There are 4 protein chains.
Amino acid sequence: MSVQKMKIGCAGLGRMGKRHALNFLERCPRAELVAASSPDPVELEWAKRHLEPFGVRLYQNYDDMLKQEGLQAIVVASATAVHAEQAIKAIEADKHVLCEKPLSTSVDVSQSVVDAANKKPHLKVMCGFSRRFDASYRDAFKKMSTGTIGTPSVLRSQTCDKLDPSGFFVAYAEFSGGIFVDCSIHDIDLALWFFGAHSKVKSVSAVGITAVEPDLRKHNDRDNAVGLVEFHDGKIAYFYASRMMAAGQEDTTEIIGTKGKLAVNAQPQMNLVNIFDDSGVRREIPQTYYDRFEYAFVTEANEFTACVLEDRKLPLDLNAAVQAVRIGAALQESMVGGKKIVFDEDGNRIEVSKL
Amino acid sequence: MSVQKMKIGCAGLGRMGKRHALNFLERCPRAELVAASSPDPVELEWAKRHLEPFGVRLYQNYDDMLKQEGLQAIVVASATAVHAEQAIKAIEADKHVLCEKPLSTSVDVSQSVVDAANKKPHLKVMCGFSRRFDASYRDAFKKMSTGTIGTPSVLRSQTCDKLDPSGFFVAYAEFSGGIFVDCSIHDIDLALWFFGAHSKVKSVSAVGITAVEPDLRKHNDRDNAVGLVEFHDGKIAYFYASRMMAAGQEDTTEIIGTKGKLAVNAQPQMNLVNIFDDSGVRREIPQTYYDRFEYAFVTEANEFTACVLEDRKLPLDLNAAVQAVRIGAALQESMVGGKKIVFDEDGNRIEVSKL
Amino acid sequence: MSVQKMKIGCAGLGRMGKRHALNFLERCPRAELVAASSPDPVELEWAKRHLEPFGVRLYQNYDDMLKQEGLQAIVVASATAVHAEQAIKAIEADKHVLCEKPLSTSVDVSQSVVDAANKKPHLKVMCGFSRRFDASYRDAFKKMSTGTIGTPSVLRSQTCDKLDPSGFFVAYAEFSGGIFVDCSIHDIDLALWFFGAHSKVKSVSAVGITAVEPDLRKHNDRDNAVGLVEFHDGKIAYFYASRMMAAGQEDTTEIIGTKGKLAVNAQPQMNLVNIFDDSGVRREIPQTYYDRFEYAFVTEANEFTACVLEDRKLPLDLNAAVQAVRIGAALQESMVGGKKIVFDEDGNRIEVSKL
Amino acid sequence: MSVQKMKIGCAGLGRMGKRHALNFLERCPRAELVAASSPDPVELEWAKRHLEPFGVRLYQNYDDMLKQEGLQAIVVASATAVHAEQAIKAIEADKHVLCEKPLSTSVDVSQSVVDAANKKPHLKVMCGFSRRFDASYRDAFKKMSTGTIGTPSVLRSQTCDKLDPSGFFVAYAEFSGGIFVDCSIHDIDLALWFFGAHSKVKSVSAVGITAVEPDLRKHNDRDNAVGLVEFHDGKIAYFYASRMMAAGQEDTTEIIGTKGKLAVNAQPQMNLVNIFDDSGVRREIPQTYYDRFEYAFVTEANEFTACVLEDRKLPLDLNAAVQAVRIGAALQESMVGGKKIVFDEDGNRIEVSKL
């Protein structure tokens, strides 16, 4: 048997790390998960039971894992704060990299990953915007590309989480970069995908409230926020992000063109079951982001693997990942500062008082 | 002001009678409700408050009402048991007639109304199958007629009531003609409409159960029943009727053709509101038949009026109303007796043992 | 027959005027349409055929109509430019007034109607925001009011018209007040209804594009616009208006609360028919605003009539109609000028440079 | 690495064989596809490219494959005509068996597989009714089991294929057992699942037509058929099968209970995209059975594997697979012969003339 498989290691074994590790282990036939690292003893304990028996070597130290003989690629699925550092180290060690979003909550740090990748053009370095691998979004993109809706002009998109009554997201907000960088980043990436990565921002405005968690203000964050992005080529994207959905995860997108509209997930649903009882007709909806996008992550792993093995072009441009952070951070700044932020066509800020 | 209005009287002021009376009074600009009759003092009391102040003359006795000067038409909305008798008297008194369905639970009695009407071809005599006036059914019929689905071949239709926990329908079953004559009659009429009134039944088979009200068996009735009708020209209609829906009224129809399908009310709904809460996404649905078909009854009143005033052809053939009772009664017999009933092309029964 | 009817006259017999006239004539049993006026000979010609035979007296001159003996109320359904003038004249002539929205595209002129009405507190003066009479919006409001969604916090609403390929709306834009005053006014009114008429605006921001009709810029208008309104009590409303929908009228609203969400018309539909053919499963949607809200206009006419006859409190506060114009005009200004507009709690503008 | 994997061989590499082979190869981490057989050179050529490089040994002869060292299990995915023979051979060779449905179109031959399996109780022998592994059906079953709908009483289910304009299904009908055995077998199995495998049939009636392919009558088959099954414990199941859907695969099921209803796939859809264009709002639907149930087949493969490796009870009882064929064959007979077929509580036929 002479089939080549991509040998990959997983950095981080938290909530997303476990999922990426298991996807590469079990649902990615052309990849071989050969290593995994975590500084956390509890996570390593989990890995001893679920990964080690299948031939995965475990590391407490990420740097040690990078040295493993034959390792070709790394999936960075650790805390956001170390995404960029680990990605850059992997690049420098000549590994292909699939990095969880965002590269960093900082635009400059995000850019440093791109700079590192640019020095190694033979490597595949991708930031994992999962929605780009979702079958429905892909179908919508394909339909748009073949003219179904004319010229796409307005994009509405939202990333809305089910309310976590534990309030965990308050503590989390300290490092998340804020609701626009943590949640809306997906919607921003969709705008860059559907409108084209070349799209230049003309202005951003945003407002936010704390309807359920006033403590978020300590971290300059909000639990509900709406952002408005204007592009220089006459397009508009607007976003809604929330941490307080009652029913579950509600990630909906509409792309409105001059000849039609495409809606993705306008009617969220868990599955194909409808329940008729004395309260009416009811369906359940996904409870978490992963519930909704599980198969997109599997596709992401498989396509990254195929691009590495076949030296194919990645489906995502790494520069767009930096641009998404840039827009997200500007929206967050606009929301907190209460001001509209305006850019010229070269991306430089224009003083509002000079308008 | 020289506009002519049709002067109509309403026979019966029970649940449906009140609705017909008010529709002709308030929602039918070309008609003038001038009379109403009921033997029931409570109903007449209601009429004194809601009809009399608007110029409607009230009668305890139907025959007296028929003699009112200038009366042109009667809407028969009394108990089913007297539908035919009152309709025939009205015809004989030279009045146009809109009769609630069914003409009678008996095929022969139903036919006697047709015979009476045939003697007075200048009169408009219509049996009110409300669904024929519903905007959605009409849109479906129009689409079918213009070829949207090719040749219609299979029709599935159901009339399913919300469970009435009072069990009223058990006592009601004594006179209703049974679930196929009382409920499925609407679906049978739809089959005759969509397949054509000329359609000849080849066989009927039916089964029924008493899932919630075993006492219905005393009246040879069931609370859930499925019927299967085969037509000689190679079409099939199948029906489901139920008295135990939890969510509300569920009247759904599908017409399947060689090139497409039309579904009417496949997703019942009360209005355009969706409720998102921790049980998922929910909508309410109509609770009663009238909730669902209110506007169809209004349209029925207005169209009947227009046909009378303009001497136009009625949208329904009275013979189809007899044919619907014939099929409903045969299904009821098949369900109770446990046998399939077979007909030749002339409508005569064929002994099964001779098949 | 001693039943009192409200005698009403209709000012204007254009597209909306015809509808209001016919609704009061045919679908409003407690009202009597006794007069109608239009300066337009073509419209009067129509009225001679459709209104005069039913006892409606016609006028070329609005002032003449006001003098008709016994006239109690006026429905102002003329061009927006004369709404306020005609409403004030009617008030001064001691008539009740139902005025089509908006009172005026000018805040000051709108206020002058309120001032006139305040001098005659015995009169019923209402601005017809039709959505307040729609069964689905009312059901949503009732559910919100009884706590179904906790505290309402974010409202998303859109008024999106089917593209009129004749481009009529370009000429129309000269007098419409712009897309936020013409279309979003409905959504703004919904925000004031669902959040409460007391809601104080903290800021507005808006952007707009001309995706299909660049000529709109001549009238400082756009064909697609998104607006963002922040309220001082920590609520957000955001609006989308468009003139280029391909499928039809898409007026959707979501009210998001701390414990749930209500969506109105998230899945637009013409009726209950689904068409299955080789392109998939399809439903048609309303083509115009009136297609969608026909019955709301009928309810509006009937409720206005009941309030007049029974001297009941109107369901809408006239001040909210001015507030809606104020917000719409500010959004339009923000869109055209490219600036965020900020208000203090007393409604005074704050200079952005001073923030 | 000490993880044990189940070594499996695939019999048949036609349409379904390819899918089963690839599922065990790529999407079933605990299984190892080690062998595959087909008498067809074209199929073997395909396998040389897609299976052999991954270590799968290929056979022209099924019997030879059975002798492969270490082989533990067989997935029988060949033509229906050899399902039973191959399954029995595998059992006799002491292999676990996952057999595609149906075991056979003959009740007796189906029973012979059960008899063979009964002699080897240590083996796992399962007939692959894929819908039992579908997430939506499982969710519905779980909800029913926890009382959501009270007592399940009526089941409606349909298996409707998109029209294949090549008419392939006419030739196919020669060996398929007919539309009730080929298509409705899934729905029958659902009835046995939701009502319980103990359910005893009281009667079956069926009618069928040839709306698009009259030639099917040569093989005693129809292109549209409706069947009605009554159970001795007062439950009803009714089925619709069709070969002429225009939009795609429409497999819908409703389970109606005394306190509610569960609907599975009442609104078929390919994905979460809605297309708004000048024809309305549209969604695409799955085109084939496999489009709809792809993930159910993957789950089936994984669960079968887990049951073998962990010696767990299979989720399906093999006897139910025979009972499903028995009911399907009776429906087919009723449809062709035009007679209702009645059974006593022991499953013996009762002569209709004796009823």
Side-chain angles (χ1 to χ4, degrees), chain A residues 1-5 22-23 25-30 52-56 134-144 148-150 251-257 259-284 292 294-295 298 302, chain D residues 1-5 22-23 25-30 52-56 134-144 148-150 251-257 259-284 292 294-295 298 302:
Chain A
M1 173 180 159
S2 60
V3 171
Q4 192 204 357
K5 293 198 175 187
L22 290 174
N23 283 346
L25 183 68
E26 300 183 342
R27 303 164 94 176
C28 193
R30 299 181 70 189
E52 212 172 44
F54 299 89
V56 182
D134 175 68
S136 295
Y137 277 105
R138 288 184 156 195
D139 183 37
F141 185 81
K142 190 176 158 198
K143 285 186 164 60
M144 183 197 73
T148 302
I149 60 164
D251 297 345
T252 302
T253 302
E254 290 184 324
I255 307 101
I256 301 130
K259 291 184 180 165
K261 182 175 100 171
L262 293 160
V264 179
N265 200 32
Q267 299 142 249
Q269 59 188 71
M270 182 63 162
N271 55 29
L272 299 170
V273 176
N274 272 214
I275 307 148
F276 292 59
D277 61 23
D278 55 18
S279 72
V281 183
R282 189 162 50 91
R283 63 182 188 275
E284 295 172 343
R292 165 67 182 86
E294 176 181 349
Y295 289 106
V298 174
N302 278 284
Chain D
M1 174 180 159
S2 59
V3 171
Q4 191 204 358
K5 293 197 175 189
L22 290 174
N23 283 345
L25 183 68
E26 299 182 345
R27 302 164 96 175
C28 194
R30 301 180 69 188
E52 209 171 47
F54 299 89
V56 181
D134 175 66
S136 294
Y137 277 106
R138 286 184 159 197
D139 183 37
F141 185 80
K142 190 176 156 196
K143 285 185 165 62
M144 183 196 74
T148 301
I149 60 165
D251 297 345
T252 302
T253 303
E254 289 184 325
I255 307 102
I256 301 131
K259 292 185 178 163
K261 181 176 100 171
L262 293 160
V264 179
N265 200 33
Q267 300 141 249
Q269 59 187 69
M270 182 61 162
N271 56 27
L272 299 170
V273 176
N274 273 213
I275 307 148
F276 291 61
D277 61 21
D278 56 17
S279 73
V281 183
R282 187 162 53 89
R283 62 181 190 276
E284 294 171 345
R292 166 66 183 88
E294 177 182 349
Y295 289 106
V298 174
N302 278 282

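Everything numeric in this text was worked out from a predicted model, so none of it was measured. In what follows, chains carry the letters A, B, and so on, assigned in the order in which the sequence lines appear, proteins first and then strands, with residues in each chain numbered from 1.
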Under 3.5 Å: donor-acceptor pair, side chain of D/Asp139, backbone of D/Ala135: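 Not a single qualifying donor-acceptor pair exists.
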D/Thr252 side chain to D/Ala266 backbone, donor-acceptor under 3.5 Å: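 No, D/Thr252 side chain to D/Ala266 backbone: no donor-acceptor pair under 3.5 Å.
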Segment of D/Glu254 engaging chain A (4.5 angstrom heavy-atom cut-off):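 The answer is neither part of D/Glu254.
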Engaged part of D/Arg138 at the chain A interface, taking heavy atoms whose separation is under 4.5 Å: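 Answer is neither: D/Arg138 stays 4.5 Å or more from chain A.
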Contact leader toward chain A among D/Asp277, D/Leu262, D/Thr148, where contacts are heavy-atom pairs under 4.5 Å: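 Looking at each option in turn, the highest pair count goes to D/Leu262.
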A/Arg30: side-chain hydrogen bond (donor to acceptor under 3.5 Å, both in side chains) partners, not counting sequence neighbours: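 Partners of A/Arg30 by the side-chain hydrogen bond (donor to acceptor under 3.5 Å, both in side chains) criterion, ordered by chain and then number, come out as A/Glu310.
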Contacts of A/Glu294 that satisfy side-chain hydrogen bond (donor to acceptor under 3.5 Å, both in side chains) - sequence neighbours left out: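 If we apply the side-chain hydrogen bond (donor to acceptor under 3.5 Å, both in side chains) test to A/Glu294, skipping adjacent residues, the hits are A/Arg27.
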